[in-house]
Amino acid sequence: MSTFRSELVQTLSARGFLHQCTDLEGLDAKAAKDVVTGYIGFDATADSLHVGSLLQIMMLRWMQKTGHRPIALMGGGTTKIGDPSGKEESRQLLTDETINANIASIQTIFDRFLTFGTGPKDAILSNNADWLDGLQYIPFLREVGRHFTINRMLTMDSVKMRLDREQPLTFLEFNYMILQGYDFLELFKRTGCTLQLGGSDQWGNIVQGVELARRIGEAQVFGFTSPLITTASGAKMGKTAAGAVWLKPERLAPYGYYQFWRNTEDADVGRFLKLFTDLSLDEIAKLEALAGAEINDAKKVLALEATALLHGRAAAEEAAETARRTFEQGGIGDDLPTVEIPAAEFGAGMPIWSLFHRAGLAASNGEARRLVRGGGAKLNDQKIDDENASVNTDAATDGVIKLSAGKKRIALVRVV
RNA sequence: GGAGGGGUGGCCGAGCGGUCAAUGGCAGCAGACUGUAAAUCUGCCGACUUAUGUCUACGAAGGUUCGAAUCCUUCCCCCUCCA
């Protein structure tokens, strides 16, 4: 492994964040002597980010930890246009209020990973609506558009790929890279930002931004991308049984988040420890050396540390304790997902499938029935054989009924 | 504007008058084996208190027919070529 002079580049490289850089040596030299301001753009289409963005957040975190200044750029302006690369079905346009609410909500996630403020090394939350909203077409074209040649843009991978495959590429999408490039220029002017980071899929956009900032800003600026993270089996990261792995506790409780990491594939543990925890590389090396079933210990560390970063140490330990009691002792943890159902609703007996549906373990009554039929449903650790069975409040111990769908999805029903 | 091709379940993609809730693949869920892993094998995979039942669904609206995802008409959208 090559060594670098700056702690920033050394850290990012050693931990596996480096995929491509426009000028690695230049960046290394600069980071070794100056405080570098760098940014990453985030979408504001939802009120939470999910683990897909976590890698980017961690890069910002390491920037700050190595003495530099990170900027989280919210795409408040670009979100208004909507990413055109998806499917047709005219996506509903988000209102300003929604976008601003989303940004405010997402900010609480950044707060866990970054220290914001006004000091020279404090992180900054920025919003490209601040400059994109007021853009005027003609002046923009004259100032910025003249620096983009179609010839050059046509060579960008993202464009070329579409053209080669004879897939449509709208003018709107074509402009996206210009707007994104413009963000870099604005941030450079406003904050002296000289580095843009992002996922490898952003390479083309980042390069355009770098060139634009170099030309108009006449500055030495850098682009840096992280590899696309897939699991060892090749799947995109971030999906679980319950859907996307969100970073807001309202969307995914700490316990669920912990379980997501706990279930990491063997082959991914070391890589994920480096990318998603603060543990030193020495410690990680020790954990990585564990083989066979012992690697589960490494997974517990990964889950605990990753959860502690996002949800706090206390919540992480509670989640770990719940997992321990639930899986290692076959008991019940306090942190398991819980649904409250009034005793009156049980009456003479509530159908078992209805209970599974309401507990969130099945998306429909039919799915719950299938679950029972397939032998995956358990009531208080007893396998359910009859899909038409019904349950009354007698099933509760201390007012709690334990439901399991498969080995890993467990929920509690609290009779109130 | 002209000519041609197309819009099918989360995605890809068959079907082209009945046997179609719709082949197949991917993704997902469950079972077995295990270590809350992977790989493998097996089952499930529109909704409804499950029913040789009803409803919803093959871009939208009408129509033909005993019967339509499949045929006709109009409209919307996408692609290719020409202008």
Side-chain angles (χ1 to χ4, degrees), chain A residues 84-91 162-170 172-173 230-245 255-273 287-288 290-304 307 319-331 333 335-336 345-358 360-378 381 383-391 403-411:
Chain A
S85 63
K87 279 282 163 191
E88 60 271 28
E89 57 183 273
S90 57
R91 61 193 66 246
R162 293 283 195 89
L163 295 181
D164 287 350
R165 285 202 212 142
E166 302 196 334
Q167 286 174 333
L169 175 74
T170 65
L172 183 64
E173 283 174 283
T230 54
T231 67
S233 5
K236 248 191 231 158
M237 243 188 94
K239 288 285 178 143
T240 65
V245 179
Y255 169 74
Y257 190 73
Y258 178 93
Q259 283 296 302
F260 166 73
W261 293 106
R262 177 64 250 267
N263 286 312
T264 298
E265 294 176 29
D266 287 8
D268 290 326
V269 175
R271 200 159 49 108
F272 286 2
L273 279 165
L287 291 169
E288 264 186 303
L290 296 173
E294 289 196 335
I295 198 152
N296 277 317
D297 291 334
K299 292 185 192 179
K300 286 180 200 167
V301 174
L302 169 64
L304 181 70
T307 307
E321 174 61 13
T322 290
R324 198 184 64 75
R325 271 199 263 165
T326 306
F327 290 101
E328 294 178 21
Q329 301 180 342
D335 236 12
L336 290 171
E345 290 190 35
F346 281 86
M350 178 183 286
I352 191 73
W353 37 261
S354 176
L355 201 57
F356 271 85
H357 182 195
R358 293 186 60 174
L361 294 176
S364 67
N365 290 339
E367 190 178 308
R369 298 186 95 107
R370 276 181 241 124
L371 181 70
V372 174
R373 222 178 292 165
K378 283 191 214 139
D381 299 317
K383 185 174 160 193
I384 301 163
D385 295 312
D386 178 10
E387 69 181 82
N388 289 310
S390 65
V391 183
L403 299 178
S404 319
K407 272 173 284 200
K408 287 189 254 176
R409 293 155 60 218
I410 295 170

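Chain identifiers are assigned alphabetically (A, B, ...) following the order of the sequence lines, protein sequences preceding nucleic acid strands; residue numbering begins at 1 within each chain. Computed from a prediction, not measured in an experiment: that's the story for all the values here.
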> Would you say A:K408 reaches B:A37's phosphate, i.e. side-chain N/O to OP1/OP2 under 4.0 Å?
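Answer yes for this pair, as a side-chain N or O of A:K408 is under 4.0 Å from OP1 or OP2.
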> So how far is it from A:R369 CZ to A:I352 CD1, rounded to the nearest 0.5 Å?
11.5 Å
> Between A:L273, A:L302, A:I295, which is the residue that forms a side chain to side chain contact (heavy atoms under 4.5 Å, CB included) with A:T264?
A:L302
> Would you mind pulling out the nucleotide paired to B:G24, Watson-Crick or G-U wobble, both distances under 3.5 Å?
B:C12
> Can you check the A:I352 CD1 to B:U50 C1' distance for me, whole Å?
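In whole Å, B:U50 C1' and A:I352 CD1 are 16 Å from each other.
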> Would you kindly compare A:E294 and A:G374 by the position of their nearest RNA chain B nucleotide and give the one closer to the 5′ end?
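Residue closer to the 5' terminus by nearest nucleotide: A:G374.
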> Could one point to a donor on the side chain of A:K407 or the base of B:U34 with an acceptor on the other under 3.5 Å away?
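Per atom types, the contact qualifies.
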> Classify the side chain of A:E328 versus the base of B:U36 as yes if they form a donor-acceptor pair under 3.5 Å and no if they do not.
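A donor-acceptor contact between them is absent.
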> Which nucleotide, if any, forms a Watson-Crick or G-U wobble pair with B:C33, using both distances under 3.5 Å?
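Its partner: none found.
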> Considering only the C1' atoms, how many Å lie between B:G59 and B:C77, rounded to the nearest integer?
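Looking at atom C1' only, B:G59 and B:C77 are 7 Å apart.
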> Distances for protein N/O vs nucleotides 22-26 of chain B N/O pairs under 3.5 angstrom?
none

> What distance, rounded to whole Å, do you find between the two P atoms, one in B:U74 and one in B:G18?
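To the nearest whole Å, 25 Å.
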> In whole angstrom, what separates A:D386's CG from B:U49's C1'?
12 Å
> In whole angstrom, give me the gap between the P atoms of B:A14 and B:G9.
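These two P atoms come out 13 Å apart once rounded.
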> Strictly by Watson-Crick or wobble contacts shorter than 3.5 Å, is anything paired with B:U80, and which nucleotide is it?
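Paired with B:A3.
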> Taking atom C1' in both B:A22 and B:A57, what distance in whole Å separates the two?
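Pairwise C1' distance, B:A22 against B:A57, rounds to 10 Å.
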> Between B:A69 and B:U54, how far is it from one P atom to the other, in whole Å?
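These two P atoms come out 16 Å apart once rounded.
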> Can you tell me the distance, in whole Å, between the CG atom of A:L403 and the P atom of B:A30?
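Distance, rounded to whole Å: 14 Å.
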> Taking the minimum atom-to-atom distance to the side chain of A:Q259, which one of B:U36, B:A30, B:G35 wins?
B:U36
> Could you please name the option among B:U36, B:G35, B:U49 that lies closest to any side-chain atom of A:F327?
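Comparing B:U36, B:G35, B:U49 against the side chain of A:F327, the answer is B:U36.
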> Keeping the roles fixed (side chain from A:S390, backbone from A:G349), state whether a donor-acceptor pair exists under 3.5 Å.
no
> Taking the side chain of A:R409 as heavy atoms from C-beta outward, which of B:U49, B:A30, B:U36 is closest to it?
B:A30
> Figure out the CZ/P separation between A:R324 and B:G35, and round it to whole Å.
19 Å
> Nearest 0.5 Å, please: how far is NZ in A:K383 from CG in A:D381?
14.0 Å
> What integer distance in Å separates A:F356:CZ from B:A30:P?
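Interatomic distance, CZ of A:F356 to P of B:A30: 12 Å.
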> Rounded to whole angstrom, note down the P distance from B:A60 over to B:U8.
10 Å
> Scan nucleotides 40-47 of chain B against the protein and return all N/O pairs shorter than 3.5 Å with their distances rounded to 0.1 Å.
from	atom 1	to	atom 2	distance (Å)
B:A47	OP1	A:S364	OG	2.9
B:A47	OP2	A:R370	NH2	2.4

> Where the side chain of A:L371 is defined as all heavy atoms beyond and including C-beta, which of B:A30, B:U50, B:G35 is the nearest nucleotide?
B:A30
> Using a heavy-atom cut-off of 4.0 Å across all strands, would you classify A:A323 as base, sugar-phosphate, or nothing?
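Base, at least one base atom sits under 4.0 Å.
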> Of the nucleotides B:G35, B:G31, B:A38, which one has an atom closest to the side chain of A:N296?
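Output: B:G35.
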> I'd like the P distance from B:U19 over to B:A39, given in whole Å.
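Straight-line distance between the two P atoms is 38 Å.
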> How many whole angstroms separate atom CG of A:D266 from atom P of B:A37?
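Rounded to the whole Å, the gap is 9 Å.
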> Mind calculating the distance between NZ (A:K299) and P (B:G35) to the nearest angstrom?
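After rounding, the gap between these two atoms is 12 Å.
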> Between B:U50, B:U34, B:G35, spot the one nearest the side chain of A:R373, thanks.
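For the A:R373 side chain, the nearest candidate turns out to be B:U50.
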> In whole Å, I'd like the distance from the CG atom of A:L355 to the C1' atom of B:U49.
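Whole-Å distance recorded here is 14 Å.
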> Is there a Watson-Crick or G-U wobble partner for B:C48 with both distances under 3.5 Å, and which nucleotide is it?
B:G53
> Using atom P in both nucleotides, what's the gap between B:C29 and B:U65 to the nearest angstrom?
49 Å
